[in-house]
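Take a look at the structure set out below.
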Amino acid sequence: MEFRYLKIEDYDEITGLWKRAGLKFKPEGRDSKNEIKKQLKRYPDMFLGAYEDGKLIGIALLTDDGRKGWINRLAVDPEYRRKGVAQKIILRAEEHFRNKGINLFAALIEDWNIPSMNLFQKVGYKFHKDIYYFTKRDSDEY
Ligand SMILES: CC(C)(COP(=O)(O)OP(=O)(O)OC[C@H]1O[C@@H](n2cnc3c(N)ncnc32)[C@H](O)[C@@H]1OP(=O)(O)O)[C@@H](O)C(=O)NCCC(=O)NCCS
């Protein structure tokens with residue numbers, strides 16, 4: 001498996017994988033091509049792609065605030081699941097953050113997503129059942 005950072009030219013491949021993986025995204029808002037283009041301009045290394053034989057089989061959106069690294073939108077092609085691909089992506093993402101001097105890694109997981117909870121616990125993430133997530137958005141597309 002090979003890793004590379006994805007560019008705006010890979011937009012259709014990125015959204016194609018999100019769709020195949022059943023991951024919810026906001027194509028009219030923060031995940032539109034225009035928005036992603038703007039985000040990539042500021043953060044050129046935010047999309048980590050995992051490739052097998054030239055095919056994009058896994059992806060993660062990596063963000064940080066200089067103190068904590070977030071692993072978002074992790075998705076693996078259904079045909080390549082349960083082979084350790086997601087675990088490798090997480091470990092590679094941690095390296096990405098360490099290279100920036102960040103040593104705390106985090107992910108938000110919805111309460112129904114048992115596969116994802118098992119996955120993160122398996123690679124050493126601690127479950128915080130005492131934290132609640134609050135958001136405010138300018139529209140449902142964000
Ligand atoms: C969650 C997801 C990324 C896992 O990808 P994957 O490459 O299949 O995961 P791995 O093979 O690295 O699995 C590692 C561990 O995670 C857990 N796990 C993965 N899939 C699981 C499932 N369907 N049910 C239960 N546990 C699961 C297991 O502990 C597994 O170890 P094991 O195979 O030795 O039992 C993938 O199922 C996916 O893309 N889901 C849809 C998108 C999504 O929900 N993303 C997470 C957003 S937070």
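Since this is a predicted model, take the numbers as computed values, not measurements. Both ligands and their constituent atoms are indexed starting at 1 by order of listing.
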ask   = Quick one: does Leu74 get a heavy atom under 4.0 Å from ligand 1?
value = yes
key: Non-hydrogen atom of Gly22 closer than 4.0 Å to ligand 1   = no
message = Counting only nitrogen or oxygen atoms and a 3.5 angstrom limit, does Trp112 reach ligand 1?
response = no
ask   = With no hydrogens and no angle check, is any side-chain donor or acceptor of Ser32 less than 3.5 Å from a backbone partner on Gly29?
value = yes
key: Side-chain donor or acceptor of Asn99 paired with backbone N/O of Glu95 under 3.5 Å   = yes
Test: [X] and [Y] ion pair at under 4.0 Å:
{"X": "Lys24", "Y": "Glu110", "answer": "yes"}
{"X": "Asp31", "Y": "Lys26", "answer": "no"}
{"X": "Asp45", "Y": "Lys100", "answer": "yes"}

query = Counting only heavy atoms, which portion of Lys88 has something under 4.0 Å from ligand 1: side chain, backbone, both, or neither?
reply = neither
task = Using a 4.0 Å heavy-atom cut-off, say whether Leu23 meets ligand 1 through its side chain, its backbone, both or neither.
result = side chain
task = Side-chain contact test, heavy atoms from C-beta onward, threshold under 4.5 Å: evaluate it for Tyr142 versus Glu35 and give yes or no.
result = yes
query = Is any side-chain heavy atom of Phe127 closer than 4.5 Å to a side-chain heavy atom of Gln121?
reply = yes
ask   = Would you call the rings of Tyr125 and Phe120 parallel, tilted or perpendicular if under 30° counts as parallel and over 60° as perpendicular?
value = perpendicular
How far is [atom] from the closest protein heavy atom, and which atom is that?
{"atom": "atom 44 (O) of ligand 1", "value": "Asn113 ND2, 2.7 Å"}
{"atom": "atom 18 (N) of ligand 1", "value": "Pro115 O, 3.7 Å"}
{"atom": "atom 16 (O) of ligand 1", "value": "Leu119 CA, 3.2 Å"}
{"atom": "atom 11 (O) of ligand 1", "value": "Gly84 N, 2.8 Å"}
{"atom": "atom 28 (C) of ligand 1", "value": "Arg82 NH2, 4.0 Å"}
{"atom": "atom 39 (O) of ligand 1", "value": "Val76 N, 2.8 Å"}
{"atom": "atom 32 (P) of ligand 1", "value": "Lys122 NZ, 3.5 Å"}
{"atom": "atom 7 (O) of ligand 1", "value": "Ala86 N, 3.0 Å"}

key: Asp138 vs Arg30, salt bridge (charged side-chain N to carboxylate O under 4.0 Å, His left out): CA-CA, chis, key distance, verdict   = CA-CA 11 Å; Asp138 282 339; Arg30 70 181 151 130; over 6 Å; no
Which of the numbered atoms in ligand 1 are under 4.0 angstrom from any heavy atom belonging to [X]?
{"X": "Lys83", "answer": "11 (O)"}
{"X": "Ala75", "answer": "39 (O)"}
{"X": "Asn118", "answer": "17 (C), 25 (C), 26 (N), 29 (O)"}
{"X": "Ala21", "answer": "41 (C)"}

ask   = Under the salt bridge (charged side-chain N to carboxylate O under 4.0 Å, His left out) criterion, do Lys55 and Asp77 qualify, and how do the steps go?
value = CA-CA 10 Å; Lys55 184 184 172 191; Asp77 189 308; 3.4 Å; yes
task = Check the pair His128 / Tyr133 against ring-ring contact (aromatic ring centres under 6.0 Å, His included), numbers first and verdict last.
result = CA-CA 11 Å; His128 295 267; Tyr133 178 53; over 10 Å; no
